[in-house]
Amino acid sequence: MLRIGLTGGIGAGKSTVSRTLAECGAFIVDSDVIAREVVEPGTPGLTALVEAFGESILRPDGALDRPALAAIAFQDDAHRATLNGIVHPLVGARRAELIASAGEDAIVVEDIPLLTENSLAPFYHLVLVVHAEIETRVARLVSHRGMDEKDARSRVAAQASDEQRRAIADVWLDNSGDTEALAQNVRDLWAARLLPYAHNLRTRQRAPWQPQLVPADPTWPVQAQRIINRLAVACGSKALRIDHIGSTAVPGLDAKDVIDIQVTVESLDVADALADPLADIGLPPIAGITADDPHDAETATWGKRIHAAADPGRAALVHLRVDGWPGQRFALIFRDWLRADQQARAEYLSIKQAAERAADGDSGTYVEAKEPWFARAYPRALAWAVDTGWTPPAP
């Protein structure tokens, strides 16, 4: 099951995205719809709200007066926390029931307005964020939902900022303009990324990628952090540390658009035990690769496991290495050496460019072409670590 989190600020236009995904074949779980269901007349949810906020939140017919509730609940953080504490557990239980009914092969899209605020992003394979400028959102709330402008601005201000949403967004969908253009973008996303991702997840296979160098992308660390957050959930305490490594972790260095992450574990047995949890989050193992090329005589301590992304929209490699083994230490030292030494960075870039030409599109050849240089770089990087007093930085 491919699980997608869909979110965006109030008035951003998630309904257009949700409706288009449903037309494509997604199983939609709408938290707003569920939130209405769990506080209908006669439900324990409505009873709890009345006890917390008083009978003034009821209409004459006994149903919930949502504007009246909003006027009270969104006036400060304490009231909002009380509201969330009542409604969120009820919504969560109903959401779990619906997801269980979708089937293992489904692409499930969960429409969750407060996904960002509740730190839920790491629990989804992908997060889609629908965006519109604040003034556009306020205008929509006033004209389409009949809100008072002051109330609309208060609701917008109470939610996550654009910067917070960008940090968790695997896909950023701009809904400031034409609705049909947005819908077409969603249909393209479905065909090019979501369907292939669901297939790869089901069959536990990696998405292909090409060893093509691209200009350094300043957003690589943010993208890496999203993967790290998902790994932290999947690995739990089995991960002693999780680090962004490799070329994309070196600012300003041109690289393949492939995020490398290292998960440090206690043993290779622990790494093997994580094979299924990582495959479940879209990072299936690559069979046959069980060690790095050793750069010293202790070949037995160069063992590792490696996983690759099933997501065709975000290439990634996850290396599981044992704490204190030379490969684990070298991955961190090498990254920090390149960050600190401009000449080493330039030299490595030259080697990568030559390897790209030699590989002619073959990723295995690309890796092999770099190995002779790594053998020479290994003692240099270790010497730099000794000279500078390097210690593993906080992850």
Side-chain angles (χ1 to χ4, degrees), residues 204-209 211 224 227-228 231 234-235 238-250 255-256 258-310 315-338 344 348 351-352 355-356 358-359 362-385 390 392 395:
R204 296 203 166 190
Q205 66 183 42
R206 59 182 291 188
W209 52 270
I227 300 172
I228 289 171
L231 285 166
C235 296
K238 290 184 174 67
L240 302 182
R241 60 183 295 149
I242 307 175
D243 296 275
H244 182 196
I245 60 169
S247 297
T248 61
V250 181
K256 305 182 308 297
V258 181
I259 303 293
D260 283 277
I261 304 293
Q262 177 171 269
V263 178
T264 298
V265 293
E266 186 177 76
S267 68
L268 290 180
D269 287 340
V270 173
D272 289 334
L274 288 171
D276 286 341
L278 296 195
D280 288 343
I281 66 168
L283 292 162
I286 301 177
I289 300 179
T290 58
D292 292 306
D293 286 343
H295 296 305
D296 60 28
E298 301 297 325
T299 57
T301 58
W302 286 86
K304 74 169 182 179
R305 302 294 182 263
I306 188 166
H307 293 240
L317 293 172
V318 176
H319 310 257
L320 289 89
R321 296 187 175 104
V322 176
D323 189 27
W325 282 14
Q328 184 263 350
R329 285 177 53 81
F330 181 51
L332 299 175
I333 291 172
F334 182 71
R335 178 199 64 189
D336 293 349
W337 176 49
L338 291 183
Y348 184 43
I351 293 297
K352 282 148 56 88
E356 180 184 35
D362 181 74
S363 58
T365 303
Y366 176 82
V367 173
E368 291 174 5
K370 295 191 302 177
E371 277 305 317
W373 183 82
F374 270 107
R376 298 190 301 272
Y378 181 68
R380 293 168 56 194
L382 295 191
W384 170 85
W390 178 90

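Numbers for residues simply follow the sequence, beginning at 1. It should be emphasised that the depicted structure is a prediction, and the values quoted were computed from it without experimental measurement.
- Proximity of Ile242 to Ile261: side-chain heavy atoms (C-beta onward) are separated by under 4.5 Å at one or more points.
- A heavy-atom distance below 4.5 Å is not found between the side chains of Thr264 and Leu332.
- Taking Ala207 as the reference, Asn200, Pro312 meet the side-chain contact (heavy atoms from CB on, under 4.5 Å) condition, with sequence neighbours excluded.
- One finds the NE2 atom of His244 at 7.0 Å from the CD1 atom of Ile228 (value rounded to the nearest 0.5 Å).
- Under the rule for a salt bridge (Lys or Arg N to Asp or Glu O under 4.0 Å), the partners of Asp292 that lie at least two apart in sequence or sit in another chain are Lys304, Arg321.
- In this structure, Ile245 CD1 and Gln328 CD are separated by 9.5 Å, a value rounded to the nearest 0.5 Å.
- Looking at Leu317 and Ile286, their side chains come closer than 4.5 Å, going by heavy atoms from C-beta outward.
- For the residue pair Pro284 and Ala309, the shortest heavy atom distance occurs at CD-C, 4.5 Å.
- Under the side chain to side chain donor-acceptor pair (under 3.5 Å) criterion, the residue pairs touching residues 374-385 are Glu347-Arg380, with sequence neighbours excluded.
- The two residues Ala310 and Gln205 make their nearest non-hydrogen contact at CB-O, 3.5 Å.
- The minimum heavy-atom distance between Trp325 and Thr301, with the atom names listed, is CE3-O, 3.1 Å.
- Under the salt bridge (charged side-chain N to carboxylate O under 4.0 Å, His left out) criterion, the residue pairs touching residues 325-336 are Asp336-Arg339, with sequence neighbours excluded.
- Residues passing the salt bridge (Lys or Arg N to Asp or Glu O under 4.0 Å) test with Asp296: none are found, sequence neighbours excluded.
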ask   = Run the side chain to side chain contact (heavy atoms under 4.5 Å, CB included) check on Val263 and Leu278 step by step: do they pass?
value = CA-CA 11 Å; Val263 178; Leu278 296 195; 5.6 Å; no
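- Closest non-hydrogen pair, Ile281 versus Ala234, comes out as CD1-CB, 3.7 Å.
- Atoms CZ and CD1, on Arg206 and Ile306 in that order, are 7.5 Å from each other to the nearest 0.5 Å.
- The aromatic rings of Phe334 and Phe374 sit tilted relative to each other, their planes meeting at an angle between 30° and 60°.
- Residues Leu231 and Leu283 meet the side-chain proximity criterion, which asks for heavy atoms closer than 4.5 Å.
- Taking all atoms of both residues into account, the shortest heavy-atom contact from Gln262 to Ala331 is OE1-CB, 3.2 Å.
- Note on residues 263-287: pairs passing salt bridge (charged side-chain N to carboxylate O under 4.0 Å, His left out), not counting sequence neighbours, are Arg204-Asp276, Arg204-Asp280, Asp272-Arg305.
- Side-chain contact between Pro326 and Glu298 is absent, with no heavy-atom pair separated by less than 4.5 Å.
- Contact of the Arg241 side chain with the Pro392 side chain is registered, since non-hydrogen atoms from C-beta on lie closer than 4.5 Å.
- Just one residue in the list Val265, Asp323, Val322 forms a side chain to side chain contact (heavy atoms under 4.5 Å, CB included) with Val270, and that residue is Val265.
- Minimum interatomic distance between Lys256 and Lys352 (heavy atoms only, all atoms of both residues): N-NZ, 4.4 Å.
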